[in-house]
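Each residue takes its place number in the sequence, starting with 1.
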Amino acid sequence: MENSLGRGARTMAPQWISWSSLWRGGVLALCVIFALSTQLLFQFGLYGAWPLPAILHGWLDHFLDLLIVGGCIFATVAFAASLHIESSAGKHLLFLASIAIGALMGEALLTLRVPLPSGGSSAEILFARVARWLAVGGLAYAIHTYMRRAAHAAAQAHESELHRLQLERQMTEARLQSLHAQIEPHFLFNTLANVHRLFQTDAGLGRRMLANFVAYLRAALPLMRHNETTLKQEVDLTRAYLNVLQVRMGNRLRFRVDVPDELGAVTFPPFALSTLTENAIKHGLNPLPEGGSIEIAARIENNRLTVAVADTGAGFQQSSGSGAGLANLRARLAALYGSEASLDIGANEPRGIRATIALPVRTPHAGQR
């Protein structure tokens, strides 16, 4: 029994109401009262029988009567709102009862100001007036409840959408980190092996290759910490990579970089340019005894950045052109830009392959510069 009483006490325990809620409720009640009072001004034949000052005086008197009753209803509803009730049905019944009680109190106060007309039952008149207020107040409460539930549902939907976007972002970041971890490790081991061999045969060339390899690592390591870098960082990384390979390949590798300085601050996916360059070396130049050349060019047209890597290598007959590197690159572009980015592979003239990345022009965040 004590537990039951305890639950009942907690159910009806009063709680504080915020001033903002009281203010919104008061404004709503005032609007309803004003709307009800204006019905007096739209009666047929009123303006022909009474002068305008008398009509306005009668309307103001009627508005004050409604304000007294509405104030009593607002007070009882505010008190009902301060009670914490867990049951939804009980809460609705309490609010409707508070409207009826407030209307009865207000109409009773009006009898002190304006006595009820004689010749009829006072109880019936009060009952009719309270019923009218209950109908109007119940309708206003139903509209308020519907709007509140709609706003709550919209807020929940917005919160769910934000949560879904956060999960998608986390999944995208995890996927990008996984893709970053798939950088071809053979280049690192082969370079170290070549440095070791060159120091035994040609120390000067070995020091040159080691310096280029250190420059490559300095450019590559910072890129692994971001989902987007700048085109300048990508060009620096690719140039360092080509300098390392040029020591190894000698005259079999020639390259040219045509990227205007003003495009350096544009964002670009990390390792995207180096992936295309590695693909051109592996599938284009390496199969040919004489090697070939690589040209890297970047342009902006129609607010889209286009970066192309063209080689004079073996072309489609000898090159797969659809390995894991390009597949990972397409996945990264899709994760970062969706359908706004594209990767096109086509034939180069007079020989070789041209790979082109096109994506929207963006500038990096302050933390990525």
Side-chain angles (χ1 to χ4, degrees), residues 176-259 261 263-265 268-298 307-314 319 323-326 328-329 332 352 355 357 368-369:
L176 290 173
Q177 293 298 328
S178 176
L179 294 174
H180 289 172
Q182 297 181 23
I183 299 174
E184 182 64 49
H186 297 93
F187 168 71
L188 304 179
F189 294 113
N190 290 340
T191 300
L192 291 175
N194 277 273
V195 168
H196 181 265
R197 181 177 57 82
L198 286 175
F199 266 99
Q200 295 177 342
T201 58
D202 190 338
L205 199 59
R207 284 191 293 270
R208 176 184 166 189
M209 189 173 193
L210 181 60
N212 291 330
F213 182 61
V214 171
Y216 171 83
L217 292 179
R218 286 177 176 173
L221 293 179
L223 302 186
M224 297 182 182
R225 295 193 292 267
H226 302 292
N227 293 334
E228 286 186 337
T229 56
T230 64
L231 182 59
K232 181 181 183 303
Q233 290 174 306
E234 273 292 297
V235 171
D236 291 343
L237 173 66
T238 304
R239 185 181 282 110
Y241 169 77
L242 290 172
N243 285 332
V244 172
L245 288 184
Q246 197 170 48
V247 176
R248 184 197 305 175
M249 298 176 63
N251 295 330
R252 296 181 62 242
L253 171 60
R254 300 171 300 279
F255 68 90
R256 176 174 175 268
V257 178
D258 181 16
V259 178
D261 294 338
L263 303 185
F268 201 75
F271 302 105
L273 184 57
S274 59
T275 297
L276 297 182
T277 307
E278 290 174 12
N279 198 69
I281 295 289
K282 181 178 180 180
H283 301 290
L285 274 60
N286 277 343
L288 300 180
E290 69 276 16
S293 62
I294 293 178
E295 181 177 357
I296 301 173
V307 180
V309 177
D311 66 77
T312 60
S319 172
L326 292 181
N328 287 343
L329 178 55
R332 278 188 284 157
I357 293 178
Q368 294 180 356
R369 297 182 179 179

Chemist: Where is the tightest heavy-atom contact between Ile357 and Ala272, given as atom of each residue plus distance?
Modeler: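 Closest heavy-atom pair between Ile357 and Ala272: CD1-CB, 3.9 Å.
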Chemist: Any side-chain heavy atom of Leu276 sitting closer than 4.5 Å to one from Leu329?
Modeler: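 Yes, their side chains come closer than 4.5 Å.
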Chemist: Any chance you could lay out the side-chain contact (heavy atoms from CB on, under 4.5 Å) test for Arg254 and Ile294, step after step, and finish with the verdict?
Modeler: CA-CA 6 Å; Arg254 300 171 300 279; Ile294 293 178; over 6 Å; no
Chemist: Name all residues meeting the side chain to side chain contact (heavy atoms under 4.5 Å, CB included) criterion together with Asn286; count only those two or more places apart in sequence or in a different chain, and write none if there are none.
Modeler: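 Scan of Asn286 (side chain to side chain contact (heavy atoms under 4.5 Å, CB included), adjacent residues dropped) gives Met249, Arg252, Ile281.
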Chemist: Report the residues that fulfil side-chain hydrogen bond (donor to acceptor under 3.5 Å, both in side chains) with Asp261, sequence neighbours left out, ordered by chain and then residue number.
Modeler: none
Chemist: Assess whether atom CG of Asp258 is packed by more than 12 heavy atoms of other residues, nucleotides or ligands within 6.0 Å.
Modeler: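 Counting other residues, nucleotides and ligands, CG of Asp258 exceeds 12 neighbours.
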Chemist: Identify the two heavy atoms, one from Phe268 and one from Leu273, that lie closest to each other, and give their separation to 0.1 Å.
Modeler: CE2-N, 3.8 Å
Chemist: Closest approach of Leu242 and Leu253, non-hydrogen atoms and distance?
Modeler: O-CD2, 3.7 Å
Chemist: Can you confirm whether Lys282 sits close enough to Asn279 that some side-chain heavy atom of one is under 4.5 Å from a side-chain heavy atom of the other?
Modeler: no
Chemist: With rounding to the nearest 0.5 Å, note down the distance linking CD in Glu234 to OG1 in Thr277.
Modeler: 8.5 Å
Chemist: Hey, is the main chain of Thr230 close enough, under 3.5 Å, to the side chain of Gln233 for a donor-acceptor pair?
Modeler: yes
Chemist: Excluding sequence neighbours, so at least two apart, what forms side-chain hydrogen bond (donor to acceptor under 3.5 Å, both in side chains) with Asp236?
Modeler: Lys232
Chemist: Take Ile296 and Phe255, measure what side-chain contact (heavy atoms from CB on, under 4.5 Å) needs, and give me the verdict at the end.
Modeler: CA-CA 8 Å; Ile296 301 173; Phe255 68 90; over 6 Å; no
Chemist: Determine the minimum heavy-atom distance between Leu288 and Gly313, stating which atoms define it.
Modeler: CD1-C, 3.6 Å
Chemist: Please find the pair of heavy atoms, one from Ala280 and one from Val309, that lie closest to each other, and give the distance.
Modeler: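 Shortest heavy-atom separation between Ala280 and Val309 comes out as CB-CG1, 4.5 Å.
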Chemist: Apply side chain to side chain contact (heavy atoms under 4.5 Å, CB included) to Arg207 and list each qualifying residue two or more places apart in sequence or on a separate chain.
Modeler: Phe199, Ala203
Chemist: Hey, are the side chains of Val307 and Leu263 touching, using non-hydrogen atoms and a 4.5 Å cut-off?
Modeler: no
Chemist: Considering residues at least two apart in sequence or located in another chain, which fulfil the side-chain hydrogen bond (donor to acceptor under 3.5 Å, both in side chains) criterion with Glu295?
Modeler: Arg256
Chemist: Can you check whether Phe271 reaches Leu237 side chain to side chain, under 4.5 Å on heavy atoms?
Modeler: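 They are in side-chain contact.
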